[in-house]
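Encoded as structure tokens, the structure appears first; notes follow it.
For reference, positions follow the sequence shown, starting with 1.
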Amino acid sequence: MNKLQIIQKGRASRTLSLLNGVIIFGFTATLILIPEAYWWWGLAAFISALMGCVVFVSYKLSPSVFTRDDYKLVAALLFFGGVWWWSVLADGSLPLLARDGFHPLYLWPFLAAFFLLALRIFTPSPDWLWWGVCCGALSSGIIAIYERVVLGVGRASNGINAIPFGNLSLLMGALSLVAGIYFLQQRRNYFYGLVLLAVCAAFFGFLASLLSGSRGGWVAIPFLTALLLSVTTNLIAPKVRNITLLLIALFVIAIIAYPPSGIWVRLVAIFDDIYQYFINNDADTSLGTRFEFWRAGWVMFIENPLLGIGEGGVQERLESLVTYEIAYDRGMIVPQLHSDIIDTLARRGLLGVVSLLLLYVAFATAFAKKAWQMSDDISVRLLAIGGLMVVIAFFDFGLSQAMFRDLRGFSGFLGLSVALWACLGYSSQTSSKARVLSSTRPSASDPTADSQLLQ
């Protein structure tokens with residue numbers, strides 16, 4: 001047993017691991033339910049990481065306890081946050097968010113990197129994560145039903161932007177299905193009840209996404225489905241899997257076709273918006289406004305391709321572009337360009353986009369590598385697939401909405417990615433112990449087995 005394993009068995013380490021589990025559960029369960037919850041759990045994560053740092057230093061551990069992938073992820077987070085911070089310092093403006101004012105978002109990647117390292121040593125059980133995801137998806141569905149049915153609002157949002165609400169609900173629903181598979185393969189007491197809870201959570205999460213009318217996020221559904229099917233190939237009978245997919249498809253079609261849901265109208269409006277913009281030169285539509293944002297963002301990028309026009313320059317340039325009739329004025333008061341890539345191009349240029357893409361690629365390759373290496377361990381593979389779901393979903397969400405300029409969206413990406421990666425360490429440790437025990441267990445065919453055990 002190495003020094004790190006000895007420390008992890010200590011009382012302080014077990015307490016920190018438990019605290020980290022509570023933080024992960026609380027964050028995932030309340031991210032959508034309570035709009036300000038991201039701040040509470042972010043502060044708790046920082047305090048936990050500080051306490052973990054004290055324990056780490058007191059035992060004089062070597063940095064070699066971290067893996068190469070840990071360092072790559074930390075480097076990607078620091079590079080992304082560093083480029084953003086440099087842009088803020090050079091421009092002298094804090095990130096401005098719709099409805100939420102100014103926030104130091106550029107510091108969040110540094111906190112995520114700090115917490116990631118702490119979690120890799122004081123690692124909680126994945127149970128905390130999967131339970132939290134299910135609770136988060138359930139709460140989003142209940143909120144969406146209440147707002148649409150009882151309050152009669154047009155799009156469910158829980159008081160925040162309807163797009164991040166719907167996107168996060170969709171992702172939580174997909175992760176709840178992964179949680180259901182996790183509970184199924186664990187075969188613990190009452191595991192059928194846990195599986196039922198996960199399936200219901202997935203149902204409510206998908207329903208919340210549909211009732212929010214967030215069309216851009218629905219593009220991610222085929223990719224999330226493909227990832228989910230890849231992990232169920234040898235776990236669920238093909239007949240059961242096909243029936244499940246059929247039932248889900250029928251449910252989605254029924255919800256879309258139900259007139260009061262308004263979903264069919266939202267889908268048909270896509271083609272009308274495109275026609276109005278390109279044929280009638282009318283940008284006074286949802287998609288038309290996005291096209292104008294993207295066109296304005298490209299104009300800003302051309303002004304300074306390498307470093308962008310700065311954090312605060314986008315809002316100023318939007319106003320001037322409208323004044324000179326280079327861009328349409330509808331929605332120009334929104335301080336983001338409705339695309340993570342285009343928004344980053346405009347503010348931080350090619351350097352910023354490289355840092356953004358490296359962040360996506362670093363987490364995607366790390367999770368894909370784990371999924372490939374541990375293909376025989378379903379618990380580890382489920383966490384890795386869940387991580388890939390988060391990366392792919394946010395990349396898709398970011399094509400039509402600047403999710404990294406939304407408090408819940410950005411914290412959701414950082415929190416879920418870091419939590420899934422940290423829990424991989426716990427599952428890997430558990431798997432290693434199981435393999436060691438199985439290799440040292442005497443074989444039933446060994447005539448000296450019983451006598452060896454008694455000696």
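Side-chain N/O atoms of Y277 and E292 include a donor and acceptor closer than 3.5 Å. Side chains of N20 and W128: a donor-acceptor N/O pair is absent below 3.5 angstrom, by distance only. Under 3.5 Å, the side chains of W294 and S339 contain no donor-acceptor pair of N or O atoms.
Q336 places no side-chain N or O within 3.5 Å of a backbone atom of Q401 that could act as its donor or acceptor partner. Of the possible donor and acceptor atoms, none in the side chain of R348 sits under 3.5 Å from a partner among the backbone N and O of G308. Remark: side-chain polar atoms of N158 are not paired, donor with acceptor, to backbone N or O of I160 under 3.5 angstrom. Not a single donor-acceptor pair under 3.5 Å links the side chain of D273 to the backbone N or O of G288. Without hydrogens or angle criteria, S230 side chain to L227 main chain gives a donor-acceptor distance under 3.5 Å. Counting only distance, with no hydrogens or angles, the side chain of D272 and the backbone of A269 share no donor-acceptor pair below 3.5 Å. Proximity of a side-chain donor or acceptor of R120 to a complementary backbone N or O of F66 within less than 3.5 Å is not detected.
Once rounded to the nearest 0.5 Å, the distance linking CZ of F301 with OG1 of T344 reads 11.5 Å. Here the straight-line distance linking atom OG of S17 with atom CG of L119 works out to 9.0 Å at 0.5 Å rounding. Rounding to the nearest 0.5 Å places CG of L207 at 5.0 Å from CD1 of I145. To the nearest 0.5 angstrom, I181 atom CD1 is 9.5 Å from I385 atom CD1. A distance of 12.0 Å separates CZ of F46 from CD1 of I23, quoted to the nearest 0.5 Å. With rounding to the nearest 0.5 Å, the separation of OG in S212 from CG in N167 is 7.0 Å.
Residues N161 and P164 have side chains in contact (heavy-atom distance under 4.5 Å, counting atoms from C-beta outward). For the pair V88/S93, no side-chain contact is recorded, criterion being any heavy-atom separation below 4.5 Å from C-beta on. Side-chain atoms of R155 and S214, non-hydrogen and from C-beta on, do get closer than 4.5 Å to each other. At least one side-chain heavy atom of F114 sits less than 4.5 Å from a side-chain heavy atom of L50. For the pair L129/L175, no side-chain contact is recorded, criterion being any heavy-atom separation below 4.5 Å from C-beta on. Contact of the H338 side chain with the S400 side chain is not registered, since no non-hydrogen atoms from C-beta on lie closer than 4.5 Å. Taking 4.5 Å as the limit, every side-chain heavy atom of L18 sits out of range of all side-chain heavy atoms of P124. Proximity of L107 to W85: side-chain heavy atoms (C-beta onward) are separated by under 4.5 Å at one or more points.
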Show your working on salt bridge (charged side-chain N to carboxylate O under 4.0 Å, His left out) between E316 and R347 and close with a plain yes or no. CA-CA 12 Å; E316 297 175 3; R347 298 177 195 274; over 6 Å; no
Kindly indicate, with the supporting measurements, whether the criterion side-chain hydrogen bond (donor to acceptor under 3.5 Å, both in side chains) is fulfilled by S411 and W108. CA-CA 8 Å; S411 61; W108 291 12; over 6 Å; no
F410 and Y38: CA distance, side-chain angles, deciding distance, side-chain contact (heavy atoms from CB on, under 4.5 Å) verdict: CA-CA 10 Å; F410 193 30; Y38 72 92; over 6 Å; no
With side-chain contact (heavy atoms from CB on, under 4.5 Å) as the test, would you mind laying out the steps for Y182 and D127 before giving the verdict? CA-CA 9 Å; Y182 173 81; D127 292 354; 2.6 Å; yes
Evaluate the criterion side-chain contact (heavy atoms from CB on, under 4.5 Å) for residue pair M172 and L31; output intermediate values, then yes/no. CA-CA 10 Å; M172 289 292 189; L31 177 62; 4.2 Å; yes
Begin from the C-alpha positions of F203 and V199 and carry the test side-chain contact (heavy atoms from CB on, under 4.5 Å) through to its verdict. CA-CA 6 Å; F203 171 83; V199 173; 5.7 Å; no
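No close placement of the F27 and W131 rings is indicated, their centers lying 6.0 Å or farther apart. Within the 6.0 Å centre-distance limit, the rings of F394 and F397 are counted as a close aromatic pair. Checked against the 6.0 Å centroid criterion, the rings of F79 and W84 do not qualify as a close aromatic pair. Here the two rings, on F413 and F404, have centers that are under 6.0 Å apart. Between F122 and F56, the gap from one ring centroid to the other reaches at least 6.0 Å.
Closest approach of L414 and P109 over heavy atoms only: CD1-N, 4.1 Å. Contact record, S140 with S169: CB-OG, 3.3 Å, taken as the closest heavy-atom pair. The nearest pair of heavy atoms linking A346 to L337 is CB-CD1, 3.7 Å. The two atoms that bring S176 and A137 nearest to each other are OG-CB, 3.5 Å, heavy atoms only. In this structure, A112 and V418 approach most closely via the heavy-atom pair O-CG2, 3.9 Å. Closest non-hydrogen pair, A422 versus T123, comes out as O-CG2, 2.9 Å.
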Give every donor-acceptor pair under 3.5 Å between a side-chain atom in residues 352-368 and any protein atom, sequence neighbours left out.
residue : atom : partner : partner atom : Å
S355    : OG   : G352    : O            : 2.6
T365    : OG1  : V361    : O            : 2.7
T365    : OG1  : A362    : O            : 3.1

